[in-house]
Amino acid sequence: MSVRLQGASQSIIVMGVVALWFLSFTPAHGMASAQQARAHQLEAGFRDAAQHDKVWTNTWAGIYGGAAVAYGAVSRNASDADDRFDARVSAVKSVLALGNLYLNPQPHRPALKKYRAAAASASDDAEHLKLAEALREELARQEHGRQGLNARMLPFAVNLAAGLTIGVIDDRPEDGAINFAVGMLVNEVAIRTQPDSMAGYGKPVTVNIGPQPLEVAYQWIVTPASVGLGIRF
């Protein structure tokens, strides 16, 4: 009987040691897996934002460039003097908008290049994720700035000058007001269609659970068939 108890005790001890060994490795492995998953999530976000950047830039370059050519043709060929004057003003606005598009480019494609360089230089998953999160935060700040009041000041000044040129210099205040309003509307559409996904991509929220605060990151996942919310903590 005593031999059986000794054998059973040895078996229990061995099983306990094995269980503790597995438990000692599970948190580290789980943390590494979570870091890799988050890094891959951010990489996908940078790629999608860069693609949106490319499409947005090319689209508005086509709009502004096409408008400049069209207004230029009207300014020469229109039979009405007022139409020719308005077209010259609008052509100048279109050229200025096109120039600003390339002088003040979207930051998403450069951010993707920075991310890839950071990923190549990182020594481990933790450093990789740290660099990726820092780039995400920087890009989110830039997105926020491009959606703010300062982003609207230059277009406001250009459209105001155009409206005053038509309304005061050419003595047609109603046409000047229309030119100003249409220009501001087009600019607002351009601002609101800019890439802005990284501003809310995995943004951390602090939740208090008992005495310990817990950071929870979330991301809206939208597909043609469904809407979901991804949560990481």
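Side chains are part of it too, since the values below use all heavy atoms of this structure and drop only hydrogens, waters and symmetry mates.
Of the possible polar contacts, one joining the Trp56 side chain to the Ala190 backbone as a donor-acceptor pair under 3.5 Å is found. Remark: side-chain polar atoms of Asn58 are paired, donor with acceptor, to backbone N or O of Lys54 under 3.5 angstrom. Under a 3.5 Å cut-off, the side chain of Asn179 and the backbone N or O of Asp175 do not form any donor-acceptor pair. For Arg172 (side chain) and Gly167 (main-chain N/O), no donor-acceptor pair under 3.5 Å exists by modelled atom type. Using a distance-only test at 3.5 Å, with no hydrogens or angles considered, a donor-acceptor pair links the side chain of Asp53 to the main chain of Arg109. Within the 3.5 Å criterion, the main-chain N or O of Ile191 finds a donor-acceptor partner in the side chain of Gln194. Of the possible polar contacts, one joining the Ser75 side chain to the Gly72 backbone as a donor-acceptor pair under 3.5 Å is found.
Dense packing is recorded around CG of Asp80, with more than 12 heavy atoms of other residues, nucleotides or ligands lying under 6.0 Å away.
Proximity of Leu139 to Pro107: side-chain heavy atoms (C-beta onward) are separated by under 4.5 Å at one or more points. For the pair Gln106/Pro195, a side-chain contact is recorded, criterion being any heavy-atom separation below 4.5 Å from C-beta on. Contact check for Arg84 versus Val74: no side-chain heavy atoms found under the 4.5 Å cut-off. You'll find the side chain of Asp170 stays beyond 4.5 Å of the side chain of Thr165, heavy atoms only.
Residues that satisfy the salt bridge (charged side-chain N to carboxylate O under 4.0 Å, His left out) test with Arg146, not counting sequence neighbours, are absent from this structure. Applying the salt bridge (charged side-chain N to carboxylate O under 4.0 Å, His left out) test to Asp83 and every residue at least two apart in sequence or in another chain returns nothing. Judged as a ring-ring contact (aromatic ring centres under 6.0 Å, His included), and not counting sequence neighbours, the contacts of Tyr64 are Trp60. A search for salt bridge (charged side-chain N to carboxylate O under 4.0 Å, His left out) contacts involving Arg141 returns nothing, not counting sequence neighbours. Legend: residues meeting salt bridge (charged side-chain N to carboxylate O under 4.0 Å, His left out) with Glu188, ordered by chain and number and at least two apart, are Arg152, Arg192.
Between Leu131 and Ala118, the closest heavy-atom pair is CD1-O, 3.7 Å. Across all non-hydrogen atoms, the minimal contact from Ala91 to Ala68 is CB-O, 4.2 Å. Scanning both residues, Ala50 and Leu112, for their nearest heavy atoms gives CB-CD2, 3.8 Å. Between Ala49 and Met198, the closest heavy-atom pair is CB-CG, 4.2 Å. Minimum heavy-atom separation, Gly65 to Leu98: CA-CD2, 4.2 Å.
Sorted by first then second residue, the ring-ring contact (aromatic ring centres under 6.0 Å, His included) pairs that include residues 176-197, not counting sequence neighbours, are Phe156-Phe180. Every pair passing side-chain hydrogen bond (donor to acceptor under 3.5 Å, both in side chains) that includes a residue from residues 153-162 is listed here, sequence neighbours excluded: Lys93-Asn159. Applying the ring-ring contact (aromatic ring centres under 6.0 Å, His included) test to pairs two or more places apart or on separate chains, those with a residue in residues 113-141 are Phe46-Tyr115, Tyr115-His128.
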Does the pair Leu42 and Leu129 meet the rule for a side chain to side chain contact (heavy atoms under 4.5 Å, CB included), with working shown? CA-CA 9 Å; Leu42 288 174; Leu129 181 58; 4.1 Å; yes
Test side chain to side chain contact (heavy atoms under 4.5 Å, CB included) on Glu143 and His108 and set out the steps. CA-CA 9 Å; Glu143 287 180 344; His108 301 81; 2.7 Å; yes
Walk me through it: do Ser90 and Asp86 pass the test side chain to side chain donor-acceptor pair (under 3.5 Å)? CA-CA 6 Å; Ser90 296; Asp86 292 355; over 6 Å; no
For the pair Lys130 and Glu133, evaluate salt bridge (charged side-chain N to carboxylate O under 4.0 Å, His left out) and give the outcome as yes or no after the intermediate values. CA-CA 5 Å; Lys130 182 179 178 181; Glu133 292 285 10; over 6 Å; no
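Residue Leu154 shares its hydrophobic cluster (ILVMFWY side chains chained together at separations under 4.5 Å) with Val92, Leu96, Val158. Summarising the hydrophobic clusters (Ile, Leu, Val, Met, Phe, Trp, Tyr; side-chain heavy atoms under 4.5 Å, direct or chained), the residues clustered with Met153 are Leu149. Grouped with Ile169 in a hydrophobic cluster is no other residue, since no side-chain heavy-atom contact under 4.5 Å to another Ile, Leu, Val, Met, Phe, Trp or Tyr is found. Other members of the cluster containing Leu103 do not exist, because no ILVMFWY side chain is joined to it at under 4.5 Å.
A salt bridge does not link Glu43 with Arg116: none of the charged nitrogens is closer than 4.0 Å to a carboxylate oxygen.
Val186 and Val69 are not part of a single hydrophobic cluster, where members link through side-chain heavy atoms under 4.5 Å apart. Hydrophobic clustering, with ILVMFWY side chains joined whenever heavy atoms are under 4.5 angstrom apart, keeps Leu185 apart from Ile63.
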